[in-house]
Amino acid sequence: MTEPRDHPFVTAVKPLVDAMGGELMDPAQAQPDDVVLSWEGQELLAVRLPQLSDSLDHILAALERRHGVPLAQLDRKSKQDVVRILEARGAFSVRHGVETVASALGVSRFTVYNYLNRDSSPAKGSTPPKGSGLPEGAEKNSQS
């Protein structure tokens with residue numbers, strides 16, 4: 001049999017584990033919170049998932065690599081895009097997520113909240129969504 005590290009299953013899941021900041025290990029080293037993966041009835045490897053706060057740091061580092069510059073050097077539009085991506089990935093459900101993101105972007109927490117609110121409010125002149133509390137045809141007053 002091939003060594004576990006050379007197994008096609010390990011090769012297939014490694015990019016996913018790396019992308020989420022996890023760690024591959026021998027199943028014998030697995031702790032109760034680790035995920036043991038089996039192939040054809042044999043425990044092949046274990047995955048240690050990162051702590052949520054480590055995941056946020058990992059996501060920020062990946063975004064920085066994608067942009068090719070420190071996130072604090074991005075223009076405002078790009079920073080808003082980063083906040084949108086982070087929101088979609090659950091970054092703001094992590095304790096101190098807003099503070100961590102603000103620090104990485106070189107902006108204040110208030111600015112991050114403004115970026116988040118801007119994305120969740122309807123565009124000026126658009127019809128408010130049903131259930132928004134605004135009558136159809138009404139606009140939200142916005143200072144953005």
Side-chain angles (χ1 to χ4, degrees), residues 2-39 43-144:
T2 59
E3 286 296 311
R5 296 282 177 192
D6 298 330
H7 194 282
F9 180 69
V10 176
T11 304
V13 299
K14 187 175 182 342
L16 174 63
V17 173
D18 289 345
M20 61 187 200
E23 177 186 352
L24 294 176
M25 63 186 60
D26 187 274
Q29 298 174 325
Q31 296 177 359
D33 289 339
D34 296 334
V35 179
V36 177
L37 302 175
S38 299
W39 180 265
E43 291 184 348
L44 195 59
L45 74 144
V47 177
R48 178 157 300 150
L49 300 172
Q51 298 296 317
L52 285 176
S53 59
D54 294 338
S55 293
L56 179 53
D57 292 338
H58 190 79
I59 294 167
L60 288 168
L63 286 168
E64 201 163 270
R65 282 192 304 277
R66 180 188 299 174
H67 287 281
V69 296
L71 297 177
Q73 293 179 10
L74 296 174
D75 60 33
R76 188 181 70 170
K77 169 92 173 73
S78 296
K79 288 179 181 181
Q80 290 171 339
D81 291 341
V82 165
V83 168
R84 198 170 302 116
I85 290 166
L86 291 168
E87 182 180 25
R89 302 224 20 216
F92 302 110
S93 63
V94 176
R95 186 166 188 208
H96 302 295
V98 171
E99 292 86 347
T100 302
V101 170
S103 176
L105 292 175
V107 299
S108 68
R109 289 179 319 150
F110 181 76
T111 298
V112 172
Y113 284 119
N114 278 340
Y115 291 169
L116 289 167
N117 289 335
R118 175 171 299 202
D119 287 342
S120 64
S121 63
K124 191 171 185 168
S126 69
T127 303
K130 290 186 187 282
S132 68
L134 294 175
E136 205 163 312
E139 294 179 13
K140 269 189 174 179
N141 287 337
S142 167
Q143 306 230 337
S144 42

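Just so you know, residue 1 is the first one in the sequence shown, and it goes up from there.
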Least distance between heavy atoms, [X] atom then [Y] atom:
X	Y	answer
D26	A46	O-CB, 4.1 Å
V69	E64	O-CG, 3.2 Å
V98	F92	CG2-CD2, 3.6 Å
G97	L56	CA-CD2, 3.9 Å

How far does [atom1] of [X] sit from [atom2] of [Y], to the nearest 0.5 angstrom?
X	Y	atom1	atom2	answer
R84	R118	CZ	CZ	9.5 Å
R76	L105	CZ	CG	13.5 Å
I85	Q80	CD1	CD	12.5 Å
E87	S93	CD	OG	10.5 Å
Q51	H58	CD	NE2	14.5 Å

**Q.** Residues in salt bridge (Lys or Arg N to Asp or Glu O under 4.0 Å) contact with D18, at least two apart in sequence or another chain
**A.** K14

Q: Please step through side chain to side chain contact (heavy atoms under 4.5 Å, CB included) for the pair L37 and L45, ending with a clear verdict.
A: CA-CA 5 Å; L37 302 175; L45 74 144; 4.2 Å; yes

**Q.** side chain to side chain contact (heavy atoms under 4.5 Å, CB included) evaluation trace for H67 with V82
**A.** CA-CA 10 Å; H67 287 281; V82 165; 3.7 Å; yes

Q. Is the shortest heavy-atom distance from the side chain of T100 to the side chain of V94 under 4.5 Å?
A. no

(Q) Could you walk me through whether V107 and V101 satisfy the side chain to side chain contact (heavy atoms under 4.5 Å, CB included) test, starting with their C-alpha distance in whole Å, then the side-chain angles of each, then the deciding distance to 0.1 Å, before giving a yes or no? (A) CA-CA 9 Å; V107 299; V101 170; over 6 Å; no

Q: Please confirm whether the backbone N or O of L71 pairs with a side-chain atom of K79, one donor and one acceptor, at under 3.5 Å?
A: no

Q | Candidate pair L74 and D81, rule side chain to side chain contact (heavy atoms under 4.5 Å, CB included), full reasoning | A | CA-CA 10 Å; L74 296 174; D81 291 341; over 6 Å; no

Q.
With a 6.0 Å cut-off (strictly less than), is the heavy-atom count around CG of D33, excluding the residue itself, greater than 12?
A. no

